[in-house]
Amino acid sequence: MPVEHNIGEEVAQALLAHYDRHARSLPWRTPPGSRNLPDPYRVWLSEIMLQQTTVAAVIPYFDRFTARWPTVQALAAADEAEVMAAWAGLGYYARARNLIACARAVTEQYGGRFPDTEEGLRALPGVGAYTAAAIAAIAFQRRAVVVDANVERVVSRLFAIETPLPASRPLIRAAADAITPETRAGDFAQAMMDLGSSLCVPRNPQCLLCPLRSSCAAHREGRAETYPVKAPKKEKPHRLGLVWWLERADGHVWIERREDKRMLGGMAGLPDSGWDKAIERGVPPAAGGWITLNRPVEHVFTHFRLTLTVQRKRVPTDTAPPGPGQWWPLDRIGEAGLPTLFAKVARAVMKAGND
């Protein structure tokens with residue numbers, strides 16, 4: 001899609017001027033126009049955490065991670081199980097495994113210094129095209145075309161791109177490239193993200209407050225909310241499974257470490273039937289006497305919906321289930337590092353116990 005050069009300049013100038021006045025203060029950012037570049041480690045960590053996750057959810061995790069592991073070398077030297085436990089609740093747990101792998105690659109292969117080009121960054125574990133562009137622009141002030149979901153929405157509206165997502169992505173990238181300035185690349189990328197999260201929101205966009213409204217084709221059409229055009233959603237497959245809550249008489253529950261190659265691999269978890277492999281029924285960790293809770297647990301993953309039936313059993317204090325795991329005190333279940341799915345199971349069991 002051809003974009004006139006002067007429109008690109010107009011958009012960049014208006015957006016950067018707005019960003020200078022209204023930029024969000026975030027723990028991984030430096031102020032607009034600052035001569036001090038942000039720490040690449042903090043930029044990388046924030047970008048990995050922000051994938052598919054809101055800023056509000058990320059900030060407390062980011063603060064805890066940087067307090068505990070203030071440098072990439074410190075994270076590289078961390079115990080993997082501790083990192084996975086600290087990540088619990090953020091979801092998309094492959095990111096946490098890639099986080100450790102990337103920290104170790106930067107430390108071992110690059111002497112603790114992140115590559116400063118998109119190409120070099122993309123060679124790191126867990127760093128894709130968007131993340132590499134964002135780090136290159138924000139941490140190293142390289143001109144890079146940074147397109148996340150917020151930027152897709154802004155650009156789709158700015159140029160009234162009628163092609164539905166995801167087929168429109170090459171058009172969106174070309175249009176974003178045409179308005180990306182040669183200077184202040186990091187500020188421009190963050191300004192686009194801020195605009196998409198604050199004013200150019202999916203529903204009821206605040207067009208009258210938008211610094212780009214005079215350049216926005218969707219605003220001129222009076223139908224900004226119709227962009228970006230999206231293809232009809234397909235219904236997610238529905239899986240069923242069993243999860244077992246094995247509770248000892250002295251107030252401990254059996255927690256397992258999930259195999260690395262499974263979904264939620266490397267995380268703490270509860271014994272289950274193998275729902276991630278579409279197995280509805282399996283072998284429980286102890287024979288007989290299981291009581292089924294009348295509160296199934298629902299969870300939505302990227303590619304499917306899951307309903308888990310929860311079965312509970314109390315056993316004597318000297319019980320030793322087969323396989324690797326540990327007895328975890330119920331009064332400290334919040335410290336077990338359970339991912340969201342299993343934390344939901346714990347809450348369901350606790351609620352059932354209080355009924």
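Heavy-atom basis, side chains included; hydrogens, waters and symmetry copies ignored.
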Is it the case that R332 places NZ or CZ above or below the six-membered ring of W328, under 6.0 angstrom from the centre and within 45 degrees of the axis? yes
Does R153 use its side chain to pair, donor to acceptor, with the backbone of G196 at less than 3.5 Å? yes
Rounded to the nearest 0.5 Å, how far does CZ of R257 lie from CD1 of I255? 14.0 Å
Pair W44 + F114: ring centers closer than 6.0 Å: yes
More than 12 heavy atoms of other residues, nucleotides or ligands under 6.0 Å from CZ of R113: yes or no? no
If we count only N and O atoms by modelled type, under 3.5 Å, do the side chains of T53 and R95 hold a donor and an acceptor together? yes
Working to the nearest 0.5 angstrom, can you tell me the gap between R157 CZ and C207 SG? 7.0 Å
Tell me whether V253 is reachable from L246 by hopping between hydrophobic residues (I, L, V, M, F, W, Y) whose side-chain heavy atoms are closer than 4.5 Å. no
Applying salt bridge (Lys or Arg N to Asp or Glu O under 4.0 Å) to R184 and D20, what does each step give before you reach the verdict? CA-CA 11 Å; R184 295 190 65 185; D20 287 342; 2.6 Å; yes
Can you measure from CD (Q190) to CD1 (I138) and round to the nearest 0.5 angstrom? 4.0 Å
Using a 3.5 Å distance criterion without hydrogens, assess whether the side chain of R262 forms a donor-acceptor pair with backbone atoms of E259. no
Identify the two heavy atoms, one from A76 and one from A103, that lie closest to each other, and give their separation to 0.1 Å. CB-O, 3.5 Å
Taking all atoms of both residues into account, what is the closest heavy-atom pair of P40 and A139, and its distance? CA-CB, 3.9 Å
When you check the side-chain N and O atoms of Q73 and T107, is any donor under 3.5 Å from an acceptor? no
Using only atom types and a distance under 3.5 Å, with no angle test, would you say the side chain of R143 pairs donor to acceptor with the backbone of T180? yes
Short question: side chain of T131, backbone of V127 - any donor-acceptor pair under 3.5 Å? no
Would you name the heavy atoms of P115 and L121 that are closest together and state the gap between them? O-CD2, 3.3 Å
Step by step, would you call E47 with Y130 a side chain to side chain contact (heavy atoms under 4.5 Å, CB included)? CA-CA 9 Å; E47 289 297 336; Y130 160 76; 2.9 Å; yes
Are V151 and I172 connected into the same hydrophobic cluster when the rule is that any two of I, L, V, M, F, W, Y join if their side-chain heavy atoms are below 4.5 Å apart? yes
Between R169 and E152, does any side-chain N to carboxylate O distance fall below 4.0 Å? yes
Can you tell if the side chain of R305 reaches within under 4.5 Å of the side chain of P237, non-hydrogen atoms only? no
To the closest 0.5 Å, what do you measure between OG (S215) and CD (Q13)? 10.5 Å
Measure from the side-chain N and O atoms of S273 to the backbone N and O of I279, and report whether any donor-acceptor pair falls under 3.5 Å. yes
P339 and R258, any side-chain heavy atoms less than 4.5 Å apart: no
State, yes or no, whether a side-chain contact exists between M192 and V146 at a heavy-atom distance under 4.5 Å. no
Set of side chain to side chain donor-acceptor pair (under 3.5 Å) partners for E256, sequence neighbours left out: none
For side chain to side chain contact (heavy atoms under 4.5 Å, CB included), just list the numbers for L240 and T309, CA-CA rounded to whole Å, side-chain angles, deciding distance to a tenth of an Å, and then say yes or no. CA-CA 8 Å; L240 303 175; T309 297; over 6 Å; no
Side chains of V83 and F65: closer than 4.5 Å at any heavy-atom pair? yes
N-O pairing of E80 and R97 below 4.0 Å: no
Tightest non-hydrogen contact, residues E10 and S214, listed as OE2-OG, 4.1 Å
Under 3.5 Å, is there a donor on one side chain and an acceptor on the other for E162 and Y227? yes
Dump the intermediate steps for side chain to side chain contact (heavy atoms under 4.5 Å, CB included) on N204 and E225, then the final yes or no. CA-CA 7 Å; N204 299 316; E225 199 167 323; 4.0 Å; yes
Centres of the F301 and W275 rings: under 6.0 Å? yes
Check whether any side-chain N or O of S168 sits under 3.5 Å from a backbone N or O of L171 as a donor-acceptor pair, and report yes or no. no
For L341, the option from V243, V297, L270, D272 that meets side chain to side chain contact (heavy atoms under 4.5 Å, CB included): V297
Membership question, hydrophobic clusters at under 4.5 Å side-chain separation (ILVMFWY): are V345 and L242 in the same one? no
Is a side-chain N or O of R142 found less than 3.5 angstrom from the main chain of D116, in a donor-acceptor match? yes
Do you reckon L209 sits in the same ILVMFWY cluster as L16, going by side-chain contacts under 4.5 Å, direct or chained? yes
From Y92 OH over to N98 CG, what is the distance, rounded to the nearest 0.5 angstrom? 15.0 Å
Any idea which heavy atoms bring L338 and A343 closest together, and the distance? CB-N, 4.1 Å
When you compare the side chain of T117 with that of F140, does any pair of heavy atoms fall below 4.5 Å? no
Without hydrogens or angle criteria, can the side chains of H238 and T307 be said to hold a donor-acceptor pair below 3.5 Å? yes
Applying a strict under-4.5 Å side-chain criterion to I, L, V, M, F, W and Y, I'd like to know whether L99 and Y110 cluster together. yes
Around atom CZ of R64, are there more than 12 heavy atoms of other residues, nucleotides or ligands at under 6.0 Å? yes
For A88, does its backbone N or O pair with a side-chain atom of Y61 as donor and acceptor, under 3.5 Å? yes
Taking the side chain as everything from C-beta on, heavy atoms only, tell me whether V349 gets closer than 4.5 Å to V310. yes
I59 versus W28: any side-chain heavy-atom pair under 4.5 Å? yes
Going by atom types only, do H303 and K236 share a side-chain donor-acceptor pair under 3.5 Å? no
Name the orientation class of the two ring planes belonging to W290 and W244 (parallel below 30°, tilted from 30 to 60°, perpendicular beyond 60°). tilted
Answer yes or no: is there a donor N or O on one side and an acceptor on the other, between the side chain of S198 and the main chain of D194, under 3.5 Å? yes
Inter-residue atom distance C200.SG - R213.CZ, 0.5 Å rounding: 13.0 Å
Correct closest heavy-atom pair for A136 and E118 would be CB-CG, 3.8 Å
Would you indicate whether the side-chain heavy atoms of S197 and V55 approach each other to under 4.5 Å? no
Should D39 and R42 count as an ion pair when the cut-off is N to O under 4.0 Å? no
Counting only N and O atoms by type, is there a donor-acceptor contact under 3.5 Å from the side chain of R312 to the main-chain atoms of W245? no
Does the distance from a Lys or Arg side-chain N to an Asp or Glu carboxylate O, for K261 and D276, drop under 4.0 Å? no
